[in-house]
Amino acid sequence: MSSKEARRVLVVPGEVICEGEFKVLSPNYIVKVDGKYVATAIGLAQINDDSRELSFIPLEGCYVPQVDDIVIGYVVDVGLTYWEVDIRAPFTATLYAVDFLGRPVNPAKEDLSSYLSTGDTVIAKVEVFDRSRGPIITTKGKGLGKVIQGTIVEISPVKVARVIGRRGSMHQLLRSETGCDITVARNGRILISCPNKELEDILIMAILKIEREAHIPGLTDRIKEFIIREKVKRGLISGEGKAT
Amino acid sequence: MSVTPSAEITVPKLRSATILSMLKKGLRASGRGLTDFRPIEIVPGYVPNADGSALVKLGNTVVIAGVKLEVGSPYPDTPNEGALVVSAEFMPTASPTFEPGPPDENAIELARVIDRSLREIKAIDMEKLVIVPGRRVWVVYVDIYVLDHDGNLVDASSIAALAALMDTKLPKVEVDELGNVKVDRNSRSGPLQLRHKVVTVSIAKAENVLFVDPDIEEERVCETKLVITVSDDGRIAGMQKSGLGALSVEEVVRATEIALKVSKDLLVIVEKSLTRPT
Amino acid sequence: MGRVKLLREDGLRHDGRKPDELRPIRMQVGVLNKASGSALVEYGATKVLAAVHGPREIPQKHLLLPNRAILRCRYHMLTFSTHERKSPAPSRREIELSKVIREALEPVVMAEVFPRTAIDIFIEVINADGGTRTASVTAASLALADAGIPMRDLVVGVAVGKVDGVLVLDIDEVEDMYGEADMPVAVAPSLGLVTLLQLNGVLTREEFDEALKLALKGAQVIYNIARETLKSRYLGVKVEE
């Protein structure tokens with residue numbers, strides 16, 4: 001997408017990003033007015049003068065579902081043949097029982113709340129989302145389904161890209177430095193499962209630090225140092241970075 | 001809570017495209033020019049039981065305005081002035097989309113725009129409405145009912161309100177030694193004194209074209225309206241942007257020029273309708 | 001009623017301001033926890049809080065539109081925000097202002113991004129000292145930006161008045177009450193659009209042109225403060241060492 005030469009500017013709605021001819025990769029956040037590219041939200045505009053591309057990292061905003069997104073949802077209502085799931089989007093998502101159970105259900109005989117009831121957590125994939133109806137999610141697939149253990153960390157959905165990092169670099173770093181299992185869902189919910197409570201605490205602090213400092217360059221290095229420092233503080237490793 | 005309205009009645013795209021492409025060429029489906037009003041018909045004294053009234057037809061838009069004078073107490077901050085109360089109702093007769101019930105935000109906005117137009121310039125000589133200084137004054141109720149809606153309700157209502165006020169005659173009153181007021185509606189002491197005459201001119205904007213007196217179809221395709229109140233001495237006596245869209249600064253200035261010009265003809269029409277021998 | 005003198009001998013206003021001077025303006029965004037976006041805006045003693053919820057689904061499905069989000073806006077005054085207690089029942093003024101404020105925001109909000117949803121804007125006037133509707137527009141637009149809802153521009157409001165024959169910027173309650181005219185204006189400065197325009201009072205053609213210019217000048221200053229306020233939330237974040 002964007003090469004290393006992309007310039008980044010903090011902009012607010014109505015602010016001119018640049019002039020000229022560019023390919024706009026984030027049409028909701030960059031509009032052309034009188035030949036100038038104008039930001040429509042608060043965020044970081046990325047200007048790539050070589051590839052003539054403009055993209056945008058919003059710093060505020062809700063989750064807008066896209067097909068194939070992995071999301072973590074909470075069951076908020078149980079119907080006769082489906083569940084309603086809060087995925088932090090403007091619309092609640094629908095999870096059909098036939099999809100979740102892998103077989104047809106007979107609403108006259110079965111009570112769906114015996115499988116999933118309100119408050120339960122699921123990891124799912126957005127299967128259908130078009131302008132005609134709310135999103136439909138599926139739990140068919142590897143790693144999808146009901147969540148029975150772990151901890152959920154919530155961050156702003158627009159900061160998810162930073163927790164994943166370029167080509168997954170940040171996600172990789174967090175995993176290798178803490179030894180935790182981390183599932184980053186697109187809707188800003190992160191499921192973590194750690195070897196011990198101390199590492200979990202460090203990971204949560206690191207994730208929230210990423211959210212806070214998402215717009216400040218040098219994030220990956222800072223997070224790496226942060227985790228090492230915290231581990232030293234807790235005696236998990238010695239000062240030289242070796243495991244004790 | 002104020003909610004983005006849904007298009008009550010959809011104008012077919014083929015139709016709206018025609019209207020817009022004509023407007024861009026300075027033409028209108030009705031054959032009118034951009035600054036032409038539809039024919040205006042004013043019937044003063046339409047409601048004999050009112051103290052003043054007028055039926056106004058602006059093209060197919062029909063509005064009736066009536067004035068009732070009641071003896072009341074002055075406002076504490078203006079003890080030696082009468083009072084003015086303007087209200088408006090969009091009747092279910094006027095459109096299949098109008099529901100009976102208390103006035104909605106559109107009716108309230110219309111009434112308040114007309115209220116301010118009359119109030120701010122002191123169109124009515126309020127000091128002439130004192131019956132017992134500091135205690136009893138005339139309260140002027142101007143009530144506007146929209147009977148048939150074919151667009152530009154504000155201008156039709158402003159013309160009706162002005163005509164009704166010009167038609168208003170004060171009932172005779174007797175005040176006894178105790179300050180009690182007795183009203184005799186069968187005889188009149190004279191006309192309501194107006195210091196200024198005002199009309200609104202609503203300027204509609206579509207495709208950067210400005211035009212006056214939109215009919216209902218034009219209203220549905222236009223982006224926004226700017227209502228400008230003009231007085232008989234050529235001053236701007238009120239303004240209100242109404243509708244979803246916006247105007248450039250240049251368009252605001254241009255709209256003002258149009259309103260100042262067009263308002264003169266409107267005032268002449270109202271004046272004529274009331275001086276015509278009946 | 002004694003005539004209140006609004007301009008002093010030295011040409012300054014009753015509170016010491018120059019005719020084209022704004023009151024001290026303060027803005028904060030993200031002041032509420034549960035709202036999608038929020039802002040607190042003060043023009044002098046006028047204090048307005050705005051909160052945005054959504055875009056979201058609402059139970060009143062019949063209100064929703066297939067091609068865009070609807071905006072729902074309520075301008076509301078707290079009962080103790082005014083000198084005389086304001087009745088808690090919605091007044092005709094509040095109903096009208098809810099409409100004109102919504103219509104001041106409609107031109108900039110990219111509602112088409114969120115079809116079949118509602119974006120709710122709640123405006124609470126905490127203290128009223130003139131210019132509450134224009135401060136409301138500024139606060140609402142900041143709250144929308146804070147909620148991350150795409151907008152073509154920020155909208156800011158300011159009122160111009162005429163007192164003792166002189167056009168003055170950002171009138172307060174006294175100047176509104178005893179002055180000759182009050183002209184609230186809201187603009188999207190980068191787009192060059194006027195999105196709210198009302199005139200309560202009487203102006204000549206020349207005065208109107210002058211008043212509009214004065215409003216645009218004041219709006220530009222408020223616009224710059226609004227932009228800085230939004231940015232400072234991020235520029236102010238210090239890297240934790």
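Proteins get letters first, then strands, A, B, ... in listed order; numbering begins at 1 in each. Being a predicted model, the structure only gives us computed values, none of them experimental.
Closest of all the heavy-atom pairs between F114(C) and P90(A) is CD2-CG, 4.4 Å. Closest approach of R116(C) and F91(A) over heavy atoms only: O-CE2, 3.8 Å. Minimum heavy-atom separation, M110(C) to T40(A): SD-CG2, 3.4 Å. Contact record, R227(C) with E15(A): NH2-CA, 3.3 Å, taken as the closest heavy-atom pair.
Using a 4.5 Å cut-off between heavy atoms, Y29(A) touches chain C through its side chain atoms alone. At a 4.5 Å heavy-atom cutoff, the contact between A145(C) and chain A is made by backbone and side-chain atoms alike. Of the atoms belonging to S156(A), not a single heavy atom falls under 4.5 Å from chain C. If you measure heavy-atom distances from L144(C) to chain A, you find no contacts under 4.5 Å at all. Proximity to chain C (any heavy atom under 4.5 Å) is shown, for L59(A), by both the backbone and the side chain. Using a 4.5 Å cut-off between heavy atoms, A39(A) touches chain C through its backbone atoms (N, CA, C, O) alone. With a 4.5 Å cut-off on non-hydrogen atoms, L154(C) touches chain A through its backbone and its side chain both. In this structure, the portion of V64(A) lying under 4.5 Å from any heavy atom of chain C is its side chain and not its backbone.
Checking side-chain atoms of R152(C) against main-chain N and O of V31(A) turns up no donor-acceptor pair under 3.5 Å.
When the options M151(C), K231(C), E228(C) are evaluated for a side chain to side chain contact (heavy atoms under 4.5 Å, CB included) with V12(A), the one that passes is K231(C).
Other residues, nucleotides and ligands contribute over 12 non-hydrogen atoms within 6.0 Å of the NZ atom of K32(A). Heavy atoms of other residues, nucleotides or ligands lying less than 6.0 angstrom from NZ of K47(C) number 12 at most. For NZ of K34(C), the number of neighbouring non-hydrogen atoms (other residues, nucleotides, ligands) closer than 6.0 Å is 12 at most. Around atom CD of E154(A), more than 12 heavy atoms belonging to other residues, nucleotides or ligands sit under 6.0 Å away.
If you take CG on L235(C) and CD1 on I216(A), they are separated by 9.0 Å, rounding to the nearest 0.5 Å.
Between C62(A) and P55(C) there is a side-chain heavy-atom pair separated by less than 4.5 Å.
Residue with the most contacts toward chain A among D153(C), L191(C), L230(C): D153(C) (heavy-atom pairs, distance under 4.5 Å).
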